[in-house]
Amino acid sequence: MTADAVTSGAGGAVRTTCPYCGVGCGVLARPLPDGSVEISGDPDHPANFGRLCSKGTALGETLSLDDRLLTPTIGGKTADWNSALGLVARTFSRTIAEHGPDSVAFYVSGQLLTEDYYVANKLMKGFIGSANIDTNSRLCMASTVAGHRRAFGSDTVPGTYEDLELADLVVLVGSNLAWCHPVLYQRLVAAKEERGTKVVVIDPRRTATAEIADLHLALAPGSDIALFNGLLDHLDRAGVIDANYINAHTEGFADALATARATGFDGAVTQTELSAEALSRFYALLAENRKVVTVFSQGVNQSQVGTDKVNAIINCHLATGRIGKPGMGPFSVTGQPNAMGGREVGGLANMLAAHMEIESPAHRRILQTFWQSPRIADRPGLKAVDLFRAVGDGRIKALWIMATNPAVSMPQADTVVEALRACPFVVVSDVTAETDTARHADVLLPAAAWGEKDGTVTNSERRISRQRAFLPPIGEARPDWWIIARVAKLMGFNGFDYGGPADIFQEHAALTTVANNGSRSLDLGGLAHLDNAGYAAFEPTLWPAPASGDNPAGGRQFSEGKFNTPTGRARFVATRVARNEPHRDADRDLILNTGRIRDQWHTMTRTAKAPRLMTHIAEPFVEMHTADAERHGLAPDKLVRVESEHGTMIGRVMITERQRPGSVFAPIHWTDRLSSMARIDAVVTGEPDPVSGQPQLKHTPVSVKPLGETWYGFAVLRQRPKRIAADYWSMAQSRGGWRVEMAGITEPGDWTEWARNLFAIEDDTDLLAVHDVGARRHRFAAFSDDALHAALFIEPQPVSISRGFTSDGLTGNFPSPSDRLRLLAGRPGADQPDPGAIVCSCFEVGANQIIEAIVGGNCLTVEAVGASLSAGTNCGSCRPDIQRIIHERTVKEAV
Ligand SMILES: Nc1nc2c(c(=O)[nH]1)N[C@H]1C(S)=C(S)[C@@H](COP(=O)(O)OP(=O)(O)OC[C@H]3O[C@@H](n4cnc5c(=O)[nH]c(N)nc54)[C@H](O)[C@@H]3O)O[C@H]1N2
Ligand SMILES: Nc1nc2c(c(=O)[nH]1)N[C@H]1C(S)=C(S)[C@@H](COP(=O)(O)OP(=O)(O)OC[C@H]3O[C@@H](n4cnc5c(=O)[nH]c(N)nc54)[C@H](O)[C@@H]3O)O[C@H]1N2
Ligand code: SF4
Ligand SMILES: [Mo]
């Protein structure tokens, strides 16, 4: 444990911050003598006041050694730090000497801490002298950054979380808050219960978030601008435009209004494909309520017209003066724990540190003087999509990837993989040994993970919090800032002699004050003199945190109507593309939408280590509407092949009414480590928004076709299987080992031999087998002593045995033949009903149990289900799912 760990009153727990989403919840972590870590919500943290979602609650289960990268490697072989860092420094220096600074690049991440990010940006822009540093935030927040800068003159989120609680109306646009920002969602639910907040959800899908919506608008994908242009026109006609505010504090209104009028109500109906009635209701709500917060996320940002979507939303707030006041404002919620911090230190290729602008000679001068650096990048570098293109065509010859997994998360991911293969020198810093990206690294550098490293992160509401170490680094792992600073020094650069993250934070804070005088809202002057003790004790703080009165401290921004543009006025932007619709044709007749599920984080390198997080959804899926499924001849639980012009993904079809006809949805999480072919970004085209460079990740024309499988399998195994001879497979960690779903197009000749290969056992002495050859059903179980080694179930139809019951077999005991046969039955006896697919991961309560409580126990509210089964009473992440089951059941019962 590090010296600066701050302990709370509660028994030596360290106060830190969750490493997942941008809500930025405070966490109390208490290492226990048995090596485990007890995790709970920090009751004093102003983001969560003690709450944690399912992912936060399971953090303790993700800290194990397995999968961790423990030492540097060169060419796949273990190396020491000196050799590895020496090679990195020499190769970067040589490449720069031979081909110039723009022949190298860094691709970094919103999951780096501010201190790591600051040092990486300083090295590239100030010392190497190129701006070829871009980040996965390009795929995430770039359109918001661009939209904020166009409207406000700076990338400043105007409001705070409290505004969601003070609003009378909260509009969620392209945000599945219930699953992606669960604790903020819970704060909204609590406010709704208390004061009757109205909630509108604007999303082509009926998401878990829509369960609390007073109005859900399942608009045509890509038609948000038409919706908000129509709204601006309506607000004007309804007389709720704030002319005084517009005159005093903004510019460009006439042009924006003219554009909005050109869309008008009729245009909005046509483009969004919503009913005139639904649209009227929405517009009336916006006219009647003054205290409105519009929350937006990836349904807005990840679009080819993402920046215009952002400005169409902000236009409506500016026109009504609903910004910078309690309970009002446009509110972009950030995805990653430090998406905001990365923006502060200029992690994007077109920004400089401390919110300064690369295009401004004055800003470049300030920075170069402050850093005393030999040079400074004087034009924007390559943005993520272009950056990987440049890697592919040989312009970038040395690439360093930190804390991101682009082989999975970049659009046209197969092309990205080819680019990595072709690149002469790839360095990857990660905490995980085997990722789809790490596979292509020449040098792998082991980073210290959450719990082992110290630094700061900034959440969606601009609150800076400490991440604190509570464990020693594993193996040879080192903090990212240390690794970068070492390489900088080995490259011969001065200015990287940091004793620890506190030094870096001080420098970063000091920089925000240089020549600021109120011109940049990012002002951390009040934190520029934090010493080690002050940094150790640092309490969550909103920025601006100025030393003196130039900038208003903390809280809401733009309250006085003063913006960071040259004129001090906010700018309206005329948003002209009403709808952005990718071209479908007879073959690729569906639009692929992609996004997140409740219990997984991105490419699953950490959340997949917690067995209980794998119980909610254990397999890659493709969700589609009943009508589309019928049209394409698809039956429930079959496997489908999703294809675009770029690539293929295979997943299990999930047929629901929640999907909009014409679109399908697939999760972003699965990798080649966990499934045979489920990297959805292999399929996604990702045309960049011309303003922000953010790729469109939610609208790719695809075909969805049956895989053509003739058999299905399900297996549980104590060891992770090495090779699975099936056309489709997907595996998940379970309590005693692994569970695997499989399917194949042609049946193997000898199932017994196939089972033996899968189980990796030499002979069949321990193999119990039951065959029903006529029905094409085969079951196998291998035991060693009284413990289950592995079991396999093969059927001509999707295997319908109980997953929970069979997986639990790996932790059970099977002394007698009858016990062993019962396992092969695949479900519990009549006295132990099957709980079904797990909904509540905290108490492991399944869908069948919840349905029984609803139908048999007459529990018709989430509270009643909680009282009866405890489900939903711990972290609360599953409450929207329980609500949905109640909703679906009660509808079913009524018809
Ligand atoms: N559980 C979980 N939580 C996470 C993450 C995670 O991996 N797992 N990741 C974090 C990160 S980095 C991010 S960026 C956030 C993302 O958080 P969100 O943006 O809330 O999540 P997504 O699922 O990507 O997309 C949101 C919604 O946009 C909708 N959408 C698609 N097209 C359109 C459209 O044209 N218009 C509108 N209005 N909506 C559309 C999708 O149907 C989807 O429901 O989540 C963060 N939180
Ligand atoms: N189709 C589609 N694609 C998408 C999206 C989408 O909605 N649709 N969303 C996009 C968005 S918003 C995002 S944010 C990205 C996310 O995509 P990625 O950033 O690629 O996903 P992660 O799995 O979070 O990758 C983080 C990596 O860093 C490692 N890591 C964890 N902690 C540390 C650390 O302290 N130091 C170091 N060096 N490494 C660490 C993890 O093991 C992991 O390999 O995906 C994007 N891609
Ligand atoms: S909402 Fe969940 S994932 Fe997000 S910061 Fe809080 S505990 Fe972590
Ligand atoms: Mo993100």
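The first residue of the sequence shown is numbered 1, and numbering continues consecutively from there. Both ligands and their constituent atoms are indexed starting at 1 by order of listing.
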Subject >> Phe470 ring center near Trp450 ring center (under 6.0 Å) >> reply: yes
Original post:
Under a 4.0 Å heavy-atom limit, does Thr334 contact ligand 1 with its side chain, its backbone, both, or neither?
Top reply: neither
**OP:** Output every pair passing salt bridge (Lys or Arg N to Asp or Glu O under 4.0 Å) with a member in residues 330-347, not counting sequence neighbours, ordered by first then second residue.
**Re:** Asp155-Arg343
Original post:
Against heavy atoms of His669, which atoms of ligand 1 measure under 4.0 Å?
Top reply: 7 (O)
Subject >> Pair Ser143-Gln694, side-chain donor/acceptor within less than 3.5 Å >> reply: yes
Subject >> Contact atoms of ligand 1, heavy-atom distance to Lys55 under 4.0 Å >> reply: 1 (N), 2 (C), 3 (N)
**OP:** For Lys192, check side chain to side chain donor-acceptor pair (under 3.5 Å) against everything at least two apart and list the hits.
**Re:** Asp214
**OP:** Check Gln336 against ligand 1 and report side chain, backbone, both or neither, counting heavy atoms closer than 4.0 Å.
**Re:** both
**OP:** Any atoms of ligand 1 less than 4.0 Å from a non-hydrogen atom of Thr207? List them with their elements.
**Re:** 44 (O)
Subject >> Qualifying salt bridge (Lys or Arg N to Asp or Glu O under 4.0 Å) pairs, either residue in residues 605-618, two or more places apart >> reply: Glu61-Arg612
Original post:
Which protein atoms of type N, O or S are found under 2.8 Å from atom 6 (Fe) of ligand 3?
Top reply: Cys25 SG
Original post:
To the nearest 0.1 Å, how far is atom 10 (C) of ligand 1 from its closest protein heavy atom, and which atom is that?
Top reply: Trp601 CZ3, 3.4 Å
**OP:** Classify the contact between Lys309 and ligand 1 as side chain, backbone, both or neither, using a heavy-atom distance cut-off of under 4.0 Å.
**Re:** side chain
Subject >> For atom 22 (P) of ligand 1, the protein heavy atom that lies nearest, with its residue and separation >> reply: Arg596 NH1, 3.8 Å
Original post:
Have Ser223 and Thr272 got a donor and an acceptor in their side chains that come within less than 3.5 Å?
Top reply: no
